[in-house]
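Have a look at the structure below, then the notes.
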There are 2 protein chains.
Amino acid sequence: MTTTEAAEQPLGIGEVAERTGLSVHALRFYEREGLLVGPVQRTSGGRRRYTSFDVDWLLICVKLRESGMPLADLKHFAELVRHGPGNEAERLRLLDAHRQRVDAQIQALEECRSVITWKVGVYAEHLARGEAGGLWDPTT
Amino acid sequence: MTTTEAAEQPLGIGEVAERTGLSVHALRFYEREGLLVGPVQRTSGGRRRYTSFDVDWLLICVKLRESGMPLADLKHFAELVRHGPGNEAERLRLLDAHRQRVDAQIQALEECRSVITWKVGVYAEHLARGEAGGLWDPTT
DNA sequence: ACTTGATCTAGACCTCGCTCTAGATCGTAG
DNA sequence: CTACGATCTAGAGCGAGGTCTAGATCAAGT
């Protein structure tokens, strides 16, 4: 879970945006919302410098968001990590609960998929018959 | 794809809400938005009476929504069905495109799942070691 | 007739998760 | 030095997808 780069120099917000797929707006927004573990370093001029830790954390955030974790939970998780060791059990519970939700989601999607596939089949068959069906159920 | 009921009597909005899992508010909202194929019948007093066709259509809507189809696409689909036969090819395209999106979604979720599972493993191991790790990467 | 609960309409309101704007500043290339 | 693009802050705005409210009406039980 480390950036493929060999270099360890901190990155600007634009580069981080590219690497994470988040917009620069979203990156600033996430920071404001307290979704990051630590405060992001700044240059003397006030520009953000992201370490590879920051980027790794963001990549995890992206995965969690992608799988439907609400920002509030992400924030909670970040707070736990921020407040250091001693709460690993709670972090584990949070992640595991989310994993279960993801599993449920996958199952639901697979069910949807099969319904859709069935419907696609119905249409395909209908079209193969060459529009011959006058007795065609309008709800399908 | 037919309601398990033997009876064919039309249903009130509350019963349809129960059967579809949509709220009565959402049912009225969907209707306003033109997501239904036909106009819902009314009693002399103005109450909606849903036929089993309506309910079946709604059940499909629920599946499509659950799998992330936007209301706009659902509306488009409803319009195609409403305008009768002759556009089955387009309906098929719409559904098949959605199925592909669902497949992509499932794949993405499975990737997320594996990242999360890995992270859960990291925590579980850490806890099993009995908090013994001082050299504990803070981003995990 | 009266009460109670479900339903009606129109439209305001809400949450979520960003996205965009304005106006200022930084930093690098020429 | 001058441009020019990238970044800064604070805060407004937005699109999706409903949810909720008010005030009226309907329908069924007693």
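In the text below, chain A, chain B and the rest are named by the order of the sequence lines, each starting its count at 1.
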In whole angstrom, give the distance that lies between atom [atom1] of [X] and atom [atom2] of [N].
{"X": "Glu33(A)", "N": "dG11(D)", "atom1": "CD", "atom2": "C1'", "value": "13 Å"}
{"X": "Glu31(A)", "N": "dA10(D)", "atom1": "CD", "atom2": "P", "value": "11 Å"}
{"X": "Leu11(A)", "N": "dT7(D)", "atom1": "CG", "atom2": "P", "value": "11 Å"}
{"X": "Leu74(B)", "N": "dG17(D)", "atom1": "CG", "atom2": "P", "value": "10 Å"}
{"X": "Glu15(A)", "N": "dA6(D)", "atom1": "CD", "atom2": "P", "value": "11 Å"}
{"X": "Arg49(A)", "N": "dT7(D)", "atom1": "CZ", "atom2": "C1'", "value": "10 Å"}
{"X": "Arg28(A)", "N": "dT7(D)", "atom1": "CZ", "atom2": "P", "value": "8 Å"}

Using the side-chain hydrogen bond (donor to acceptor under 3.5 Å, both in side chains) criterion, which residues pair with [X]? Sequence neighbours excluded.
{"X": "Thr51(B)", "answer": "Asp54(B)"}
{"X": "Glu15(B)", "answer": "none"}
{"X": "Arg65(B)", "answer": "none"}
{"X": "Ser67(B)", "answer": "His98(B)"}

Subject >> Contact summary for Leu64(A) and Leu95(A), nearest pair of heavy atoms >> reply: CD2-CD2, 4.3 Å
**OP:** For Lys119(B) and Ile60(A), work out which heavy atoms get closest and say how close.
**Re:** CE-CD1, 3.3 Å
**OP:** Name all residues meeting the salt bridge (Lys or Arg N to Asp or Glu O under 4.0 Å) criterion together with Glu110(B); count only those two or more places apart in sequence or in a different chain, and write none if there are none.
**Re:** none
**OP:** Determine which pairs satisfy side chain to side chain donor-acceptor pair (under 3.5 Å) with at least one residue from residues 28-37 of chain B, sequence neighbours left out, and list them in order.
**Re:** Glu31(B)-Arg48(B)
Pull out every protein N or O sitting under 3.5 Å from an N or O of nucleotides 26-30 of chain D, one pair per line with the distance.
unit_1	atom_1	unit_2	atom_2	d
dC26(D)	O4'	Arg47(B)	NH2	3.3

Subject >> Contact boundaries on DNA chain C for chain A, cut-off under 4.0 Å to non-hydrogen atoms >> reply: dG17(C) to dG27(C)
**OP:** Output yes when Arg99(B) and Asp96(B) qualify as a salt bridge under the 4.0 Å nitrogen-oxygen rule, no when they do not.
**Re:** yes
Original post:
Do Glu111(B) and Lys63(A) come within less than 4.5 Å of each other through their side chains, counting heavy atoms only?
Top reply: yes
Which pairs of donor and acceptor atoms, one on a side chain in residues 71-82 of chain A, lie under 3.5 Å apart (sequence neighbours left out)?
unit_1	atom_1	unit_2	atom_2	d
His76(A)	NE2	Glu90(A)	OE2	3.3
Arg82(A)	NH1	Leu36(A)	O	2.5
Arg82(A)	NH1	Val37(A)	O	3.3

Could you list the protein-to-nucleotides 18-20 of chain D atom pairs, N/O on both sides, closer than 3.5 Å?
unit_1	atom_1	unit_2	atom_2	d
dG18(D)	OP2	Tyr30(B)	OH	3.0
dG18(D)	OP2	Arg65(B)	NE	2.9
dG18(D)	OP2	Arg65(B)	NH2	3.2
dT19(D)	OP2	Ser23(B)	OG	3.1

